[in-house]
Amino acid sequence: MLTQLAQMLYPPACILCSRRMMKTSAVICPSCERGCSLLLPPLCQRCGLPLRGAYDLVTLCQRCTSAPSAFDRARAPFLYRDTICEAMRAFKYRNRHRLGRWLAEAMAHTTLTALPLQQFDRVVAMPLYWLKRRLRGWNPAEALAVELAQMLGVPYHARAVRRIRWTTSQTRLTPTQRQRNVREAFRAQPETL
């Protein structure tokens, strides 16, 4: 009864475009969902970005071929542009917390289909600097990691990584500037594992 009354007074709307929706459980409308660019094969075996005009034998992108990386494999459900950029900004900076579950569901699906789940035993999040966390009131990466861990049935480990210095926002930086910005900003806490 109360739910029906609330829906009459506040009809369900898309978190991103405010368009009215019929489905009460959805957080974004079908139009915004279509605006999310899924990452589909062929993908670079290491970084997971699309390979343009790739043939079956091409497995690494130019960047991964020419520069060593600190990771074996990365995957993401979406290409970071357009609707996904807006969704991430809404989640991180406008406190649209319900988007977190939707994003985590997409991440869990990608993880289960593209990564060897048996090769890892916990989920961790990159921490915010203590002052940024206090100013923001929460850590969006941690919220996603907690949701993802629950969906995958893997423990979330809150103290595996510690941020040891303040960094500027990554939003307007190039990939090279982003790497430089976070260099030596984090420290693994192996004793907590």
Side-chain angles (χ1 to χ4, degrees), residues 3 6-7 10 12-19 21 23-40 43 47-49 71-163 167 169-171 178 182 185-186 188-189 192-193:
T3 304
Q7 287 176 359
Y10 304 102
C14 176
I15 289 180
L16 298 178
C17 71
S18 300
R19 188 176 292 136
M21 297 188 311
K23 201 171 166 186
T24 58
S25 61
V27 293
I28 67 170
C29 69
S31 176
C32 286
E33 197 155 352
R34 282 189 301 273
C36 300
S37 301
L38 289 171
L39 277 168
L40 300 170
L43 302 173
C47 71
L49 290 177
F71 57 90
D72 295 328
R73 190 182 304 176
R75 291 294 180 271
F78 306 107
L79 205 54
Y80 187 68
R81 66 176 184 209
D82 307 326
T83 304
I84 288 300
C85 289
E86 174 59 27
M88 291 304 296
R89 281 192 293 270
F91 176 64
K92 287 173 68 173
Y93 304 116
R94 293 195 306 269
N95 295 326
R96 301 293 193 258
H97 296 278
R98 287 186 4 187
L99 277 169
R101 180 145 189 93
W102 177 77
L103 290 165
E105 284 172 356
M107 292 168 68
H109 175 74
T110 298
T111 301
L112 292 170
T113 58
L115 296 174
L117 192 58
Q118 69 279 7
Q119 290 184 8
F120 62 91
D121 57 1
R122 65 194 76 215
V123 174
V124 300
M126 299 313 287
L128 284 175
Y129 192 69
W130 68 269
L131 184 57
K132 269 189 187 178
R133 183 182 178 108
R134 177 159 289 172
L135 292 172
R136 193 175 286 172
W138 70 304
N139 179 357
E142 182 178 34
L144 278 178
V146 168
E147 287 274 357
L148 180 61
Q150 288 174 350
M151 290 175 189
L152 296 176
V154 177
Y156 168 69
H157 198 285
R159 302 199 193 295
V161 179
R162 189 172 63 118
R163 184 179 286 262
T167 56
S169 175
Q170 301 268 87
T171 54
R178 286 176 181 218
V182 296
F186 302 97
Q189 304 289 88
T192 65
L193 299 174

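Worth saying up front: this structure is predicted, and the values here are computed from it rather than measured.
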*Determine, stepwise, if the pair Q150 / Y156 fulfils side-chain contact (heavy atoms from CB on, under 4.5 Å).*
CA-CA 8 Å; Q150 288 174 350; Y156 168 69; over 6 Å; no
*Might you point out which heavy atoms bring G100 and F91 nearest each other, and give the distance in Å?*
CA-CE1, 3.4 Å
*Residue pair R73 / A114: nearest heavy atoms and the distance that separates them*: NH1-O, 3.2 Å
*Should L38 and F78 count as side-chain neighbours, where that means a heavy-atom distance under 4.5 Å?*
yes
*Gap between atom CG of L16 and atom CD1 of I28 - 0.5 Å precision*: 5.5 Å
*Would you sort out whether Y93 and W138 count as a ring-ring contact (aromatic ring centres under 6.0 Å, His included), showing the intermediate values?*
CA-CA 10 Å; Y93 304 116; W138 70 304; 9.5 Å; no
*To the nearest 0.5 Å, tell me how far M21 CE sits from S31 OG.*
11.5 Å
*Is R81 close to S37 at the side-chain level, that is, under 4.5 Å between some pair of heavy atoms?*
yes
_Set out, in order, the CA-CA distance, both residues' side-chain angles and the distance that settles side-chain contact (heavy atoms from CB on, under 4.5 Å) for L152 and L112, then state yes or no._
CA-CA 8 Å; L152 296 176; L112 292 170; 3.7 Å; yes
_So which atom in T83 and which in C36 form the shortest heavy-atom distance, rounded to 0.1 Å?_
CG2-SG, 3.8 Å
_Chi angles and distances behind the side-chain contact (heavy atoms from CB on, under 4.5 Å) call for M88, R96_ = CA-CA 9 Å; M88 291 304 296; R96 301 293 193 258; over 6 Å; no
*How long is the gap from NE2 on H97 to CG on N95, to the nearest 0.5 Å?*
4.0 Å
*P155 versus A149, closest heavy-atom pair with distance*: C-CB, 4.1 Å
*With distance as the sole test, does K132 use its side chain to make a donor-acceptor pair with the main-chain N or O of T167 at under 3.5 Å?*
yes
*asked:* If you count every heavy atom of other residues, nucleotides or ligands that lies below 6.0 Å from R19 atom CZ, does the total exceed 12?
replied: no
*So, for C17 and C29, which heavy atoms are closest and what is the spacing to 0.1 Å?*
SG-SG, 3.7 Å
_So M126 and V161, do their side chains get closer than 4.5 Å, heavy atoms only?_
yes
_Run the salt bridge (charged side-chain N to carboxylate O under 4.0 Å, His left out) test on E86 and R94 for me, step by step, so that the C-alpha distance in whole Å, both residues' side-chain angles and the decisive distance to 0.1 Å come before the verdict._
CA-CA 10 Å; E86 174 59 27; R94 293 195 306 269; 2.4 Å; yes
*Just how far is it from atom CZ of R163 to atom CG of L128, taken to the nearest 0.5 Å?*
6.0 Å
*Any chance you could lay out the side-chain contact (heavy atoms from CB on, under 4.5 Å) test for Q189 and R159, step after step, and finish with the verdict?*
CA-CA 7 Å; Q189 304 289 88; R159 302 199 193 295; 5.6 Å; no
*Out of curiosity, R134 CZ to Y129 OH, how far, rounded to the nearest 0.5 Å?*
12.0 Å
*Shortest non-hydrogen contact from E142 to R133?*
OE1-NH1, 2.7 Å
*About how many Å separate CZ of R75 and OG1 of T110, when rounded to the nearest 0.5 Å?*
10.0 Å
